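In each ligand, atom 1 is the first atom listed, and ligand 1 is the first ligand listed. All of these numbers come straight from a predicted model, not from anything done at the bench.
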Amino acid sequence: MTSTTAATRETQAPQRTDAIVIGAGFGGMYAVHRLRCEGLSVLGLEAGGDVGGTWYWNRYPGARCDVTSIDYSYAFSEAIEQEWTWSETFAAGSEILAYANFVADRLDLRSAYRFNSRAQVIAFDEARQVWTLMTARGERFEADHLIMATGPLSLPKPIDIPGAESFRGELYRSGKWPHHAVDFSGKRVGLVGTGSSGIQIAPVVAETCQSLSVFQRTPSFTLPMRNRAISDDFAAQLKANMSGLRAVARNTFTGGVRPLSTRPLFSVSAEERNELMEDAWNKGALYFLGLFSDLLTNAAANEVVADFVRGKIDQVVDDPVTAGKLKPRGYPIYARRPCLDTHYYETFNKPHVSLVDCFEEPITAITETGLRTTQRQIDLDVIIMATGFDALTGPMLAIDITGRDGVKLSDAWRDGPRSYLALLMDGFPNLFIIGGPNGPSILANYIRLDEMNVDWVVDCVLHMRRQGLATVEATPEAVARWGQTVGEIADRTLYVKADTWYTGANIEGKPRGFHVFAGGLNRYAEVCAGVAAAGYEGCSFTARQSTI
Ligand code: N01
């Protein structure tokens, strides 16, 4: 872009719509659709080149959702449910992206969006009661309502190992994977990071590369996904029973139809629970995750299950030293996001795959020819950084947002994110968040949460229009009360016992805290519906100013 073009854009009158939706992931797409259905003018902005959100960016080999495809899909349209057929129980990233594209085509969503448009500076103009926005390309827009559907995991963590620019080979990041095919054959590959992304990447890359070195710092607990093809018969049965499945899912803790138990671990004998765990392990993670009710509240029960999984690592991995290093210790199972894998532990039995323990030998630099640890230089042709995200708050804080009285979001969230129901804030009128911090967020089925949040937001906007109201925001008291509720529930769980991206521990200098509502999606839905039914209790509105 020439500077003249940028200057011209800055002097042009900004385009004005009723609402701006930031993000073309599942939350943003549904927000655009619902607002348009209600007759509002909507502009969608998306930094990527097309729809899909996380699935647009995370195209790494082996990418697959750890929520079943039947749950990880929209429920708002029966027609779409009937027209789309999933091919596997856990869909691959490419199939989910194809689904996002199918929905975008079906509902003509792209016509509302500007792609390759990254929102950069956003400010509330109090005199005019309007949000003003400028993109990284200098385009300017205005709207009454601003809907942040920026996602919890859309900002990759910066590479914190020095020397990346000096590497002469190929360097990829799992969260910003290129759109072209990457050929690993005959190449020495180094994979840094063993969270959900790294654990999915390793087995696939190991199939074709010359050698794979997996750089592991904190070992993750991972469970066998046991993904299966969905037969035509089963797909037909699912479609025939979709409304019932959706009703069940809506009333669960996670928003999915997976099995859940009310049985505390120590309520059954050691022999019986071993049989239960063995059976569930063989059936797959979906069953294993729902075995006992108290794993996140009872440390002793948690340790029994953690030990079972460690025992499985011993059974699968041939080399006892490697098996020992792969075993997670020092934090409760499920306090970090449990990973679901396909042959991850088995991958370490391949002669060309090795594990580098970054606790014993931390990586000190990326060099011209590979990675250097405190003990040696490992020469590589390809480095894959699967090192995670500045999660939950990072994507919104990456935008320069200024609310009422010139208050910056970065100041309002200096000690951690503050919000009411994860939907509204105080001091940021008409700014709505979809899937935001302090909500069920990453503990829930995200698409169910997106739909729930969008419906609440759109209903609130319609309420305002009916009542002649100009702005809505949360009261400071409601924000404080909600923060306390979220904190009290978190403190009763083991989530707070691990250093994870859940708590901000993966980003240096980030305020620590578990800013996720751990009371269940079903409970959260009740609370949000109750607030709306009580006339938006905890919210303050201003009336529309007369123009006469
Ligand atoms: O990121 P992570 P992710 N040197 O933060 C390591 C979702 N997701 O992209 O823990 C060496 O979990 C870091 O080590 P440590 C899902 O919610 C879902 O894998 O900091 N290592 C860790 O091992 C998931 O939880 C799906 O000690 C370094 C890893 O990098 C979330 O995204 C698939 C390092 C980062 O793991 C994030 O997963 C993928 C360094 N300097 C993602 N810096 C599915 O649906 C970081 N690490 C299946």
Side-chain angles (χ1 to χ4, degrees), residues 53-55 57-69 71-72 90-93 95-96 151-164 172-177 190-202 204 213-223 225 227 254 256 285-286 326 328-331 334-342 344 355-366 371-374 383-392 394-395 435 441-447 495 498-508 510 516:
T54 203
W55 306 100
W57 299 105
N58 288 261
R59 301 173 185 229
Y60 59 78
R64 200 172 277 284
C65 189
D66 57 6
V67 175
T68 53
S69 44
D71 284 327
Y72 196 76
F90 291 91
E95 190 172 17
I96 301 171
L153 293 161
S154 54
L155 184 67
K157 181 180 116 151
I159 296 177
D160 57 3
I161 304 167
Y172 301 106
R173 310 185 68 188
S174 58
K176 278 203 168 172
W177 198 262
L191 168 65
V192 184
T194 54
S196 300
S197 305
I199 278 173
Q200 291 186 331
I201 292 169
V204 179
S213 308
V214 179
F215 293 78
Q216 169 195 274
R217 196 159 58 186
T218 309
S220 295
F221 285 99
T222 173
L223 312 170
M225 181 180 263
N227 179 37
T254 58
L286 208 58
L326 285 166
R329 295 194 189 284
Y331 68 90
Y334 306 151
R336 291 163 77 90
R337 171 109 175 171
C339 307
L340 271 51
D341 73 275
T342 301
Y344 177 67
L355 185 68
V356 181
D357 183 336
C358 296
F359 280 132
E360 270 175 18
E361 44 173 326
I363 303 169
T364 54
I366 299 175
L371 283 165
R372 187 182 306 133
T373 74
T374 47
I383 297 175
I384 300 173
M385 301 297 290
T387 45
F389 299 86
D390 184 349
L392 298 170
S441 186
I442 35 78
L443 299 182
N445 169 0
Y446 230 85
I447 298 191
Y495 288 120
D499 285 341
T500 63
W501 64 259
Y502 283 174
T503 63
N506 66 330
I507 303 289
E508 214 181 314
K510 192 166 175 169
V516 180

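The contact set between ligand 1 and Ile161, taken as ligand atoms under 4.0 Å from a residue heavy atom, comprises 41 (N). For ligand 1, the atoms sitting less than 4.0 Å from at least one non-hydrogen atom of Arg64 are 44 (C), 45 (O), 48 (C), numbered in the order shown with element in parentheses. Applying the 4.0 Å criterion to heavy atoms of Leu153 picks out, from ligand 1, the atoms 7 (C), 17 (O), 31 (C), 32 (O). Near Val192, meaning under 4.0 Å from any of its heavy atoms, are these atoms of ligand 1: 11 (C), 21 (N). For ligand 1 and Cys65, the ligand atoms under 4.0 Å from any heavy atom of the residue are 45 (O). Ligand-side atoms of ligand 1 in range of Arg336: 10 (O), range being under 4.0 angstrom from any heavy atom.
By the 4.0 Å heavy-atom criterion, Gln216 is excluded from the residues contacting ligand 1.
The two residues Phe389 and Ser154 make their nearest non-hydrogen contact at CD2-N, 4.3 Å. Nearest heavy atom pair, residue Pro219 against residue Phe359, reads CD-CE1, 4.4 Å. Between Met225 and Leu340 the shortest heavy-atom distance is CE-CB, 3.9 Å.
At under 3.5 Å, not a single nitrogen or oxygen of Asn506, backbone or side chain, sits near a nitrogen or oxygen of ligand 1. At least one N/O-N/O distance between Thr218 and ligand 1 falls below 3.5 Å. Distances between N or O atoms of Gln200 and those of ligand 1 include no value under 3.5 Å. Residue-to-ligand polar distances place Asp66 within reach of ligand 1: an N/O pair is separated by less than 3.5 Å.
Annotation: the span from Ser441 atom OG to Leu392 atom CG amounts to 4.5 Å, rounded to 0.5 Å.
With a heavy-atom cut-off of 4.0 Å, Phe389 touches ligand 1 through its side chain alone. Only side-chain heavy atoms of Tyr60 come within less than 4.0 Å of ligand 1; its backbone N, CA, C and O stay farther off. Under 4.0 angstrom from ligand 1, there are no non-hydrogen atoms of Asn58. Of the heavy atoms in Asp160, only side-chain atoms (C-beta onward) come closer than 4.0 Å to ligand 1. By the criterion of a heavy-atom distance under 4.0 Å, neither the backbone nor the side chain of Thr500 is placed next to ligand 1. The parts of Thr194 lying near ligand 1 are both backbone and side chain, judged by heavy-atom distances below 4.0 Å.
Tyr502 places none of its side-chain heavy atoms less than 4.5 Å from the side chain of Val516.
Distances from atom 13 (C) of ligand 1 to the protein include no heavy-atom value under 4.0 Å.
Not counting sequence neighbours, Gln216 has no partner by the side-chain hydrogen bond (donor to acceptor under 3.5 Å, both in side chains) test.
By heavy-atom distance, the residue among Ala386, Gly388, Ala498 lying nearest atom 29 (C) of ligand 1 is Ala386. Taking only non-hydrogen atoms, the option from Thr387, Ile201, Val356 nearest to atom 47 (N) of ligand 1 is Thr387.
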TODO: In sequence, state the C-alpha distance, the side-chain angles, and the governing distance for Phe221 and Tyr331, and then conclude on ring-ring contact (aromatic ring centres under 6.0 Å, His included).
DONE: CA-CA 10 Å; Phe221 285 99; Tyr331 68 90; 5.6 Å; yes
Task: Stepwise ring-ring contact (aromatic ring centres under 6.0 Å, His included) test for Trp177 and Tyr172 - done: CA-CA 6 Å; Trp177 198 262; Tyr172 301 106; 5.1 Å; yes
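Checking Thr222 against Asp341 by side-chain atom types alone, a donor-acceptor pair falls below 3.5 Å.
In this structure, the protein non-hydrogen atom closest to atom 37 (C) of ligand 1 is Trp501 NE1, 3.7 Å. The protein heavy-atom contact nearest to atom 40 (C) of ligand 1 is Arg217 NH1, 3.6 Å. Nearest protein heavy-atom neighbour of atom 8 (N) of ligand 1: Ser196 CB, 3.9 Å. With hydrogens left out, the protein atom closest to atom 46 (C) of ligand 1 is Lys157 NZ, 3.4 Å, a heavy atom.
Asp66 and Arg337 are joined by a salt bridge, as a carboxylate oxygen and a charged side-chain nitrogen come within less than 4.0 angstrom of each other.
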